[in-house]
Amino acid sequence: MRTKLWVVLVMSVVMLLVSATALAASQPLSGKLEIFSWWAGDEGPALEALIKHFEKMYPNVQVINATVTGGSGVNARAVLKTRMLGGDPPDTFQVHAGQELIGTWVVAKRMENLNSLYKEEGWTKVFPAGLVKLLSTSQGIWSVPVNIHRSNVLWYIPENLKQWGVKVPATWQEFLEIAPKLKAKGIVPLSMGETWTAEHLWENVAISVLGPAKWQQLWQGKISFRSPEMLEVWKLFGEILKYTNQDAPSLSWQQATDMVVKGKAAFNVMGDWAAGYMNTTLHLRPGTDFGWAPAPGTKGIFVMLSDSFGLPVGAPHRATTLAWLRMLGSREAQDIFNPLKGSISPRLDSDLSKYNVYGQSAAKDWRSSTIVGSLVHGVVANERFMNDFATVMEIFLNSRNPQAAANASQAVATQDGIIH
Amino acid sequence: MNSRSDRLAAILVILPSLLLLAVFVYGFIGQTLWVSLTDWGQGAGALALNPQIHWVGLENYKSLFTGFLDVRFRQDMVNMVFFTVLFVGASLLLGLLLAILIDQHLPGEGVFRTIFLYPMSLSLVVTGTIWRWMLQPQGGINALPTLFGLPASNFLWMSSRTQILQFNWQALPAYLCWAGVAVLAVAACVYLVKGRHKTAAFFAAPALLLLALVAWGPAGRAALLPYPETHGFNLALLGIVLAAVWQMSGYTMALYLAGLRTIPDELREAARVDGASPLQVYRYVELPLLAPITWSAVIILGHIALKIFDLVFAMAGPDNASTSVPAISMYLTTFRGNQFATGAAIAVVLLLMVAALIIPYLASLLRPGRAQ
């Protein structure tokens, strides 16, 4: 009897102490956190792993995972915009780093700048300077990148190329020499999908013609879209299109990749989410079953895009949001998220042993290449230009007229504030 | 006294729904109209808490129909017109045909009726997804001939860039005037034949005026654009039409079948007694009696066609301009391009087109004396 009482006493004291310390630790961080994104389906598990990590760090925060799927983010952005206009911002939302964030939300004064967070965490040192520049305006740094995808990758099946006696082209000129031979064999030299994948191909052609410096100047309004170089881009793009599949508009990017995998097409230019698709969904081994190279003419250049999260002005749970952002930028969280997502961490100190062969090669290039931003994926131009550029692309795909496309893109750039 | 309190009660009962309609339908129509007359989205801070919005009058509408960069909207309008005509026409024909077939009192009629009506119970998004698979260039419908040992078809259902029936957008005002002349002239002739000379003159006068305007006046030379711009019927739309007809022809069948069943058998028998062949019974007895059903079907299918969004979005995606319609442009300009005013202007154009279809119909229904 007496020993029992004693045990109970000790137990209750211990329990009290434990709960008191737990309370004290979580005092500043309880409440809710609403995370708005379009990551569901294939990309869902990566986000869920991040949330799990966050919940382990802050068990008293209730995370609301608000996803809106479909249309590669178009639908999510529509919902986000109506919520923001209605004065009901989520605590934090997924947004492509760069102008998709800056041109829409920062110029509208809807974001808080994250300078102090960057300073406290020392992120300006661990993220490459080229990346930080793309995330910033003169007023500050606006979002925390969670991942990096590479846009300028050429995909192929090494065995097929050997069989056809074809080498991986290092430049578009080399490609144009190889392509007629492939076409004669009944093989599509370059597979392509719906309109945005045409734009994706276009940006890689443009970067190969212009080079990184002029590509950046283009988006600063220092080079005319009607300049001889840009005409050259459209001409070359038109030449390349002759060697793409005719049914492109009705194919998704996965189906365009499938054409390469099935041996119907020789090459495909796509972002490195294609590696995730081939590796995870199609069970091909990177490096042996499928191969990759920088898109022709872009060796030493890393065309990047990145998903990031920011802090909207008026976020209902500012403190928990800051904790979320702080965690997102950490090496640990990034190395949980990216191997699952099939992307790499923007941090220069990420633990490469956690990534597959493709991820390691991309990370190596990330650390050594010149970094430029992608157009189609929201880095270099505002949303209005991106929307209008789809029309420019349609004008070109229908007319195949370089001058008309150059004129239209110049008009769009002027109207949409790229050229002042 | 009693009737007065009845009236009060009636008003009280209706009031909540009237108020809700006033705010959530007419209020928002008004707001959209107002936004379409501003420059919201032209500057940088379109999504600011208090965006800078200025009145610009009809500028957005002007640029939609004549602006260099709004070429997509114009092709979308053309697509929509062709889609509406083909979809409504094909649904009516197929629906009537199915209704007549089922009306033959076949055994198992109920089964066929259910099968034909069933597609309507699907959401357009589901229909779109299924048909997107079936219309894949490498399989589905295109592979069908191989079942019979024939070579596979290679028609690019939703990705064809072939355009037929091309016309120059510059000449649109002239074309519209000619169409107006034709419609008015036909109306005038009809009334002339009926012997209603006054009504005929009422139609003939504006027809002559328009004719003069277009043949010798400014309307014939007015160009919407400073340069020629061709638009036409995209063959890629055929796939969308196919799916839409599949979905809605069963519904049209149900409408026609109900109509056929309400025609009293005495009328048919009387015609047969008078020596009419089965074909003549349809031509002279049943079809004229089905005219009101046809009108209702045109209105119902027509407004679906004008507003179509989900089917095209699911089948062809947002950026396939060959199959795009104004509703998709409206969504993209507004929510992807942040150009709220332009998006609102497209919405108002759509509203006007649907209103032009529905208001005369409602007016004819509500006209006193037409109730029965």
Side-chain angles (χ1 to χ4, degrees), chain A residues 70-82 84-85 87 102-110 193-199 245-252 255 259 264 313-314 382-388 390-395 397-400 407-408 411-412 414-417, chain B residues 40-52 63 67-73 75 125 132-133 135-138 142 154-163 227 229-230 234 236 239 313-324 329 331-340 342:
Chain A
S72 59
V74 177
N75 299 343
R77 270 167 273 184
V79 173
L80 177 67
K81 281 166 194 173
T82 47
M84 293 287 264
L85 283 172
I102 293 166
T104 299
W105 299 112
V106 174
V107 295
K109 300 193 169 58
R110 290 300 197 106
E194 52 196 315
T195 306
W196 75 261
T197 67
E199 292 171 45
N245 45 316
Q246 270 206 314
D247 57 357
S250 48
L251 300 187
S252 64
Q255 287 171 309
M259 287 181 70
K264 285 183 184 166
V313 173
N382 59 42
E383 287 190 299
R384 191 176 169 191
F385 182 91
M386 278 156 55
N387 187 47
D388 289 339
T391 306
V392 175
M393 187 49 76
E394 275 301 327
I395 292 177
L397 292 176
N398 277 326
S399 70
R400 300 289 166 108
N407 290 349
V412 165
T414 312
Q415 177 188 282
D416 301 350
Chain B
W40 190 12
Q42 298 297 312
L47 283 146
L49 215 45
N50 292 305
Q52 295 258 313
S63 86
F68 175 50
L69 290 171
D70 289 291
V71 46
R72 171 160 177 183
F73 168 76
Q75 180 58 45
V125 175
R132 191 183 70 218
W133 293 335
L135 297 180
Q136 281 297 313
Q138 315 287 337
N142 275 356
N154 56 2
F155 183 65
L156 298 170
W157 282 99
M158 274 158 323
S159 40
S160 163
R161 289 195 183 271
T162 317
Q163 208 174 49
Y227 48 87
E229 182 181 288
T230 51
N234 291 320
F313 199 85
M315 274 184 89
D319 275 319
N320 191 345
S322 312
T323 58
S324 181
S329 297
Y331 181 68
L332 294 180
T333 16
T334 311
F335 290 114
R336 195 170 69 177
N338 299 338
Q339 288 162 273
F340 296 100
T342 313

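In this text the structure is predicted, and so the values were computed from the model without any measurement. All chains are named by letter (A, B, ...) in the order of the sequence lines, taking the proteins before the strands, and each is independently numbered beginning at 1.
In this structure, A:W105 and B:L47 have side chains that are in contact, with non-hydrogen atoms separated by less than 4.5 Å. Counting heavy atoms from C-beta on, the side chains of A:E194 and B:N320 never come closer than 4.5 Å. Proximity of B:Q136 to A:L251: side-chain heavy atoms (C-beta onward) are separated by under 4.5 Å at one or more points. Within the 4.5 Å cutoff, the side chain of B:W157 has no heavy atoms near those of the A:D247 side chain.
Just one residue in the list A:R384, A:E383, A:R77 forms a side-chain contact (heavy atoms from CB on, under 4.5 Å) with B:N338, and that residue is A:E383. Just one residue in the list B:R161, B:R72, B:Q75 forms a side-chain contact (heavy atoms from CB on, under 4.5 Å) with A:E394, and that residue is B:R161.
Within the 4.5 angstrom heavy-atom criterion, only side-chain atoms of A:T391, from C-beta onward, approach chain B. With a 4.5 Å cut-off on non-hydrogen atoms, B:T333 touches chain A through its backbone and its side chain both. At a 4.5 Å heavy-atom cutoff, the contact between B:F340 and chain A is made by side-chain atoms alone. Contacts between B:L156 and chain A at a heavy-atom distance below 4.5 Å involve the side chain alone, from C-beta outward. Looking at A:Q246, the atoms closer than 4.5 Å to chain B (heavy atoms on both sides) sit in the backbone and in the side chain alike.
Options A:V106, A:N398, A:V392 differ in how many heavy-atom pairs under 4.5 Å they form with chain B, and the most are formed by A:N398. Interface summary for chain A: among B:Q339, B:Q42, B:M158, the most heavy-atom pairs under 4.5 angstrom belong to B:Q339.
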Could you walk me through whether A:T82 and B:F335 pass side chain to side chain contact (heavy atoms under 4.5 Å, CB included), step by step? CA-CA 9 Å; A:T82 47; B:F335 290 114; 3.6 Å; yes
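Of all heavy-atom pairs spanning A:S250 and B:S159, the tightest one is OG-OG, 3.2 Å. Contact record, A:K81 with B:R336: NZ-O, 3.8 Å, taken as the closest heavy-atom pair.
Between the CG atom in A:N387 and the CG atom in B:D319 there is a gap of 7.5 Å [rounded to 0.5 Å].
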